[in-house]
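Just so it is clear, the values below take in all heavy atoms, side chains as well, and ignore hydrogens, waters and symmetry mates. Just so it is clear: chains get the letters A, B, ... in the order the sequence lines come, proteins before strands, and each one is counted from 1.
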Protein chains: 2
Amino acid sequence: MAKKVNINDKKTGMPKDEYLSDVADLFKMFSDSTRVKIMFALMDKELCVMDISSLLNMTQSAISHQLKILKSANLVSNRREGKTIYYMLSDDHVKSIIAQGLDHILE
Amino acid sequence: MAKKVNINDKKTGMPKDEYLSDVADLFKMFSDSTRVKIMFALMDKELCVMDISSLLNMTQSAISHQLKILKSANLVSNRREGKTIYYMLSDDHVKSIIAQGLDHILE
DNA sequence: TGAACATATGAACAATTATTCATATAATGT
DNA sequence: ACATTATATGAATAATTGTTCATATGTTCA
């Protein structure tokens, strides 16, 4: 039988503060339209920084800053190929979270 | 045959800016731990403002402000019963979004 | 080695935001 | 009408955050 980890607080019955804070931090990554656009663009294929900045019509610096934030949250990863650095989603969850968001607003 | 609404931009092939901004705005509602806690608490049952503030150990005012924000995003609704106002989730999407967030961080 | 290109980074700034405090609104019971 | 209880709201404040600008780092090729 699989071990069941208890994430709930004994008093409130809710998940411990830490977990719900982590949930909020996760969604914070999706709460900025630039980041959402970046992640959406990466759903199909990997892209380099310049690709993304011209696709979104934003400066290389702005994109680079946001990519760093997404990477620190482990939502994107990258690989270098010569001078170019390609970014990709690091997790299928990203796709389904965005899909669910679109679902909700289009309902 | 159902009518297919095109939400994509012709140039980029991505959903139009407006939609991805709306997605970001939706997730912004889930990007604050107080709001996440409130919505989690409302998953089971409706609660009045005082219930929520004592459950989360926060002031009535802070909770009231956040409830207003959630209501303006149509994520919660309320009903009055005498002096008391009960809040509830207005949408099953809320549950599944939070569940998916928890899923991701617990994986 | 040096020029050219791709990306990263730090500081600064404006804008947004969550909470607090004080007070207002609304409903109830006496 | 008045005191009490429940909730809402406006202003103020501190903290966080996204973008810009200037510059640094790292890679390639001649």
Side-chain angles (χ1 to χ4, degrees), chain A residues 17-18 20-42 45-88 90, chain B residues 17-18 20-42 45-88 90:
Chain A
D17 262 38
E18 187 203 336
L20 294 179
S21 284
D22 286 350
V23 169
D25 287 343
L26 171 66
F27 286 125
K28 197 169 290 171
M29 293 297 127
F30 296 82
S31 73
D32 173 75
S33 71
T34 300
R35 285 193 294 271
V36 171
K37 288 176 199 167
I38 290 174
M39 290 187 276
F40 191 94
L42 294 175
K45 51 188 174 305
E46 53 180 35
L47 293 171
C48 69
V49 180
M50 288 289 273
D51 287 344
I52 301 172
S53 51
S54 63
L55 182 68
L56 303 192
N57 204 30
M58 294 182 62
T59 67
Q60 173 267 320
S61 179
I63 300 299
S64 219
H65 278 296
Q66 294 303 336
L67 284 170
K68 185 179 192 172
I69 292 171
L70 290 172
K71 189 154 184 285
S72 77
N74 290 309
L75 297 179
V76 305
S77 43
N78 60 16
R79 72 181 173 85
R80 178 182 280 277
E81 196 176 305
K83 281 174 292 191
T84 308
I85 299 186
Y86 289 96
Y87 280 83
M88 65 213 80
S90 43
Chain B
D17 263 37
E18 187 202 337
L20 294 179
S21 283
D22 285 349
V23 169
D25 287 343
L26 171 66
F27 286 125
K28 200 168 287 172
M29 293 297 125
F30 296 83
S31 73
D32 174 75
S33 71
T34 300
R35 285 194 294 269
V36 170
K37 288 177 198 167
I38 291 174
M39 290 187 275
F40 191 96
L42 294 175
K45 50 188 175 304
E46 53 181 36
L47 293 171
C48 70
V49 180
M50 289 290 273
D51 288 343
I52 300 172
S53 51
S54 61
L55 181 68
L56 303 194
N57 203 31
M58 294 181 63
T59 66
Q60 173 267 321
S61 180
I63 300 299
S64 218
H65 278 295
Q66 294 303 335
L67 283 169
K68 186 178 190 173
I69 292 171
L70 289 172
K71 188 154 185 288
S72 77
N74 290 308
L75 298 179
V76 306
S77 42
N78 59 16
R79 71 183 175 83
R80 178 180 283 277
E81 195 176 306
K83 281 175 293 193
T84 307
I85 298 185
Y86 289 96
Y87 280 84
M88 65 214 77
S90 43

- What is the distance, rounded to the nearest whole Å, between atom CE of M50(A) and atom P of dC5(C)? 10 Å
- Message: Tell me the interatomic distance from M58(A), atom CE, to dA8(C), atom P, rounded to whole angstroms.
- Response: 15 Å
- Message: Any residue in residues 60-68 of chain B with a heavy atom nearer than 4.0 angstrom to DNA chain C? Just list them by number, or reply none.
- Response: S61(B), A62(B), H65(B), Q66(B)
- Are OP1 or OP2 of dA6(C) and a side-chain N or O of Y87(A) less than 4.0 angstrom apart? no
- Item | d(CZ, R79(B); P, dT7(D)) in whole Å | 12 Å
Atom pairs and distances, side-chain donor-acceptor, residues 55-74 of chain A, under 3.5 Å, sequence neighbours left out:
residue	atom	partner	partner atom	Å
T59(A)	OG1	A62(A)	N	3.1
Q66(A)	OE1	R35(A)	NH1	2.8
S72(A)	OG	I69(A)	O	2.8

- CD1 of I69(B) versus P of dA8(D): gap in Å, rounded? 13 Å
- Value in whole Å for how far the C1' atom of dT7(C) lies from CD1 of I52(A): 12 Å
Using atom types as modelled, flag every donor-acceptor pair under 3.5 Å from a side chain in residues 45-52 of chain A to any protein atom, sequence neighbours excluded.
residue	atom	partner	partner atom	Å
E46(A)	OE1	R79(A)	NE	3.4
E46(A)	OE2	R79(A)	NE	3.0
E46(A)	OE2	R79(A)	NH2	2.3
D51(A)	OD2	C48(A)	N	3.3

- Item | Residues within residues 25-41 of chain B bordering DNA chain C, heavy-atom distance below 4.0 Å | K28(B), D32(B), T34(B), R35(B)
- Note on the structure: When rounded to whole Å, the CG to C1' distance for the pair D51(A) and dC5(C) reads 14 Å
- Task: Take L42(A) and I38(A) through the test side chain to side chain contact (heavy atoms under 4.5 Å, CB included) and record every step on the way to the result.
- Result: CA-CA 6 Å; L42(A) 294 175; I38(A) 290 174; 4.0 Å; yes
- Query: Nearest-Å distance, CG (N57(B)) to C1' (dA18(C))?
  - Reply: 17 Å
- Query: In Å, rounded to the nearest 0.5 Å, how long is the span from CG of L75(B) to CE of M88(B)?
  - Reply: 13.5 Å
- Base-contact (B) and sugar-phosphate-only (S) positions in nucleotides 25-30 of chain D, heavy-atom cut-off under 4.0 Å, - elsewhere: -BBS--
Review item, nucleotides 1-3 of chain C N/O atoms under 3.5 Å of protein N/O:
none

- Task: Pick base, sugar-phosphate or nothing for Y86(B), based on heavy-atom distances below 4.0 Å to the nucleic acid.
- Result: nothing
- Task: Provide, to the nearest angstrom, the distance between the CG atom belonging to L47(B) and the C1' atom belonging to dA6(D).
- Result: 15 Å
- Task: Give a yes or no answer on whether the side chain of S31(B) reaches the backbone of A24(A) with a donor-acceptor pair at less than 3.5 Å.
- Result: no
- Task: Please report the closest heavy-atom contact between Y87(A) and V76(A), naming both atoms and the distance.
- Result: CD2-CG2, 3.9 Å
